[in-house]
Amino acid sequence: MEPRDNRQNWFRGQGLWADTPDADWQNWVWQYKNRLVTEEQFAARMRLTDAERAGFAQAGGRLSVAVTPYFFNLINRDDPECPIRRQVIPVGAESVASPGESADPVGEEGTMPVEGLVHRYPDRVLFLVTNQCAAYCRYCTRGRLVSNAREYNFQPRHEAALDYIAAHSEVRDVLLSGGDPLLLTDAKLDYLLGRLRAIPHVEFVRIGSRIPDFMPQRVTPALCEVLRRHGPVWMSIHVNHPRECTEELFQATERLSLAGVPLGNQSVLLRGVNDDAETLKSLGHRLLMMRVRPYYLYACDQITGSAHLRVPVKRGIELIRSLRGFTTGYAVPQFVIDAPGGGGKVPVNPEYVETLDGAEGVVLRNYKGELSVYRE
Ligand SMILES: *Cc1c(COP(=O)(O)O)cnc(C)c1O
């Protein structure tokens, strides 16, 4: 039997920054200002591989590098293949373009009625409120516009987007993303949420954020009070590996839950990070302990320079099959591919129906491979 995961082995503490006063460590502005951003800052704390040095050499023109001290502590610095490291430290392979890849892999540019507002589905919009993040995921689907590393001069236009939403009564669900919306000040979030919640046809707001994962210190009681006041506000966080489930993240998600924010998680299936069943299962279990429901598992978008991180779709389906039935249904995310060109998210599932229109009924195969018949 697997040992029970009871949080005693979850990472906590200040690690390499043990000498930093607690008041600084717990302060998100300190975490933000002390991010590691240059090759020298990383090299002073870990031995970079040749591939990583090559990655730093060209990251400046592609997607900035930034890692908070809090998140850096989760890296196993002795392991060049560390699953945390692979998510945030650049490698030379990022400059290799492969067939099928592009700078806007899910076709967002074609469905923006206002700069930064993606209206792809009939009843909901994606509102990009900033182009900055606390740290940069190397497989970012919006690498073209986040971090200001490229020509694209993204200017979020909050007022124009709010006007568009107010004028479109079919929009009942607004998803704030970016960049990371939780980098906005409490006052700015209070303003945006207040404006959105005052629009009669907007039923609720969602926030997509990796800040709880990269910088849980941002989830202050004051921020939680803003979210509570404008509820229902849902939040999708982004955790890819069970090691990211720390005591600090646990406490941040608890504060959010107690403020009435229902939490989901969106993971990206990444080679060498979470492409095995035990890792995904442990991640699902830890998320549920934090009151976070695994929502989507994304096949990695075909962003230019991501081939080294992508996993075959077939493998993703096998991984879902190895979870379904073998663990809590809540722990199993929906595997999706965000269709190239702007088609939206397409669910991709293992097949459990053997025959749908057989003479004796629907023939089903369960998680153990056993057949049964559902007579109609
Ligand atoms: C992902 C996404 C949404 C939200 O999709 P759900 O399946 O409702 O979570 C909305 N708009 C765009 C453009 C998206 O990419």
Side-chain angles (χ1 to χ4, degrees), residues 102-131 133 137 139-146 152 154 156-158 160-162 164-182 192-193 196 199 201-213 231-240 256 261-269 287 292-303 306 313 316 320 330 332-349:
S102 73
D104 179 20
V106 300
E108 291 179 332
E109 295 295 331
T111 47
M112 283 200 200
V114 172
E115 182 167 17
L117 191 77
V118 186
H119 193 176
R120 172 191 294 157
Y121 294 107
D123 67 339
R124 54 207 192 278
V125 290
L126 176 66
F127 184 179
L128 309 179
V129 295
T130 169
N131 61 359
C133 286
C137 312
Y139 49 88
C140 180
T141 195
R142 268 178 224 121
R144 70 186 184 284
L145 62 80
V146 303
Y152 195 117
F154 178 68
R157 295 178 55 214
H158 293 173
L162 289 168
Y164 178 91
I165 295 165
H168 287 258
S169 58
E170 71 275 22
V171 177
R172 40 166 288 285
D173 163 10
V174 177
L175 169 50
L176 304 186
S177 183
D180 200 310
L182 295 190
L192 282 177
L193 292 171
L196 288 167
I199 299 172
H201 50 268
V202 174
E203 297 172 357
F204 73 108
V205 178
R206 298 193 253 178
I207 296 175
S209 174
R210 201 173 184 182
I211 281 203
D213 187 63
V233 174
W234 289 58
M235 191 179 292
S236 284
I237 64 173
H238 176 171
V239 183
N240 286 328
L256 289 165
V261 179
L263 296 168
N265 182 59
Q266 313 197 84
S267 296
V268 179
L269 182 60
L287 289 167
V292 180
R293 163 78 157 103
Y295 181 41
Y296 287 144
L297 174 67
Y298 290 91
C300 185
D301 289 338
Q302 289 169 307
I303 186 78
S306 65
V313 172
I320 296 297
Y330 277 140
V332 185
Q334 172 66 57
F335 184 40
V336 292
I337 300 180
D338 208 338
K345 295 175 186 72
V346 180
V348 184
N349 296 308

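All residue numbers refer to positions in the sequence shown, counting from 1. Hydrogens, waters and symmetry mates play no part in the numbers below; they use all other heavy atoms, side chains included. Since the model is a prediction, treat every value here as computed from it, not as a measurement. For ligands, and for the atoms within them, numbers begin at 1 and follow the listed sequence.
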*Which residue holds the protein heavy atom closest to atom 13 (C) of ligand 1, what is that atom called, and what is the gap in Å?*
V118 CG1, 3.6 Å
*Would you call R120-D338 a salt bridge at under 4.0 Å N-O?*
yes
*Under 4.0 Å from ligand 1, counting heavy atoms only, is it the side chain of R124, its backbone, both or neither?*
side chain
*Measure the CZ-OG distance between R206 and S177 for me, rounded to the nearest 0.5 Å.*
10.5 Å
*From atom 1 (C) of ligand 1, work out which of Q266, R206, K345 has a heavy atom at the shortest distance.*
K345
_Other residues, nucleotides, ligands: >12 heavy atoms within 6.0 Å of R124 CZ_ = yes
_Carboxylate-amine/guanidinium proximity below 4.0 Å for D180 and R210_ = no
*Tell me which protein heavy atom sits closest to atom 11 (N) of ligand 1, plus the residue, atom name and distance to 0.1 Å.*
Y121 CD1, 3.6 Å
*Heavy-atom contacts with L126 under 4.0 Å: which atoms of ligand 1 show up? List them by number with element.*
11 (N), 12 (C), 13 (C)
*Protein contact to atom 7 (O) of ligand 1 [nearest heavy atom, distance to 0.1 Å]*: Y296 OH, 2.5 Å
_Working to the nearest 0.5 angstrom, can you tell me the gap between Y330 OH and R293 CZ?_
7.0 Å
*Please report which non-hydrogen protein atom sits nearest to atom 9 (O) of ligand 1, along with the residue it belongs to and the distance in Å to one decimal place.*
Y295 OH, 2.6 Å
*Can you find an N/O atom of R120 closer than 3.5 Å to an N/O atom of ligand 1?*
yes
*Considering only NZ, NE, NH1 and NH2 on the basic side and carboxylate oxygens on the acidic side, decide whether E115 and R157 come within less than 4.0 Å.*
no
